[in-house]
Amino acid sequence: LVSWTAMIAGYADLGQGNVALGFFEQMLAKGLCPDSVTFVSGLKACCSVASLSHGQALHMDIIQEGFEGVSYVANSLMDLYVKWGHLQEACDIFNELSNRDTISWTVLINGYVNNGFLEEALLSYNQMQSNDVSPNSVTMVSALRACGSLGDPNKGHQIHLEVIMDGFETDPLVSSSLVEMYAKLGFPKEAEDTYLENQSEDPSMFNALVLGYIEQGLEKEAFDFVKLEAKYLD
RNA sequence: CAGCUAUGUA
């Protein structure tokens, strides 16, 4: 069973969901009974092949086998529905889940953001904290993106402080999301400060800053900044 | 101590 699951997960990772699902079928044909890890890998395969119907079939099997209440599995199911824009389905699963972990909340928040429900995303972010579930760096990226798209600098700054409190600013994805958000909201100064405070080898934050300048019509600043950074490379 | 779910920009 572990070998089959490894094959399914491996192909799903490569974006070869159809191959992965083929292995899933073969495994069932051998009379093997999937466990939670196998189901999650199968769901991931459904995402990469963009097949809602296969995912729904797996959902039925998951209920049959009683894995529905396992947060690890439920999170993956939620993600499937979120990616299809079926937020109601995702919410139903979330609401019936008794053990909501960080990932459950993050999938929900990210689902709201990706589908344009920005206020709901931030509301869920607050609710998550009321329920004493700690956000992680992935949660922060989604929350920051919600602030940026919503145009809410106050919330954005508040979340920035929380990011610092939890030490997530060292994550390149988080710091570049911060820079991006400030740039989008029209705070080039804050964007630059964030950049200067979190220098790293990762180029994404630099790119975010330059693109931000350009989007704000600050082409000269963008150019000067690139020149300045280029000097350090000599 | 086998297989393991969620994140941005372009």
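The sequence lines fix the lettering, A, B, ..., with proteins before strands; numbering per chain opens at 1.
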*For A:Phe94, does its backbone N or O pair with a side-chain atom of A:Arg100 as donor and acceptor, under 3.5 Å?*
yes

*asked:* Hydrogens and angles aside, do A:Ser175 and A:Asn198 bring a side-chain donor and acceptor to less than 3.5 Å of each other?
replied: no

*For the residue pair A:Asp101 and A:Ser71, what are the closest heavy atoms and their distance?*
OD2-OG, 3.6 Å

*Does a side-chain N-to-carboxylate-O contact under 4.0 Å join A:Lys44 and A:Asp79?*
no

*With ILVMFWY side chains joined below 4.5 Å, transitively, what does A:Phe225's cluster contain besides itself?*
A:Val179, A:Tyr195, A:Leu196, A:Met205, A:Phe206, A:Leu209, A:Val210, A:Tyr213, A:Ile214, A:Leu218, A:Val226

*asked:* Return a single string for nucleotides 5-10 of chain B, one symbol per nucleotide in 5' to 3' order, where B is base contact, S is sugar-phosphate-only contact and - is none, cutoff 4.0 angstrom on heavy atoms.
replied: BBBBS-

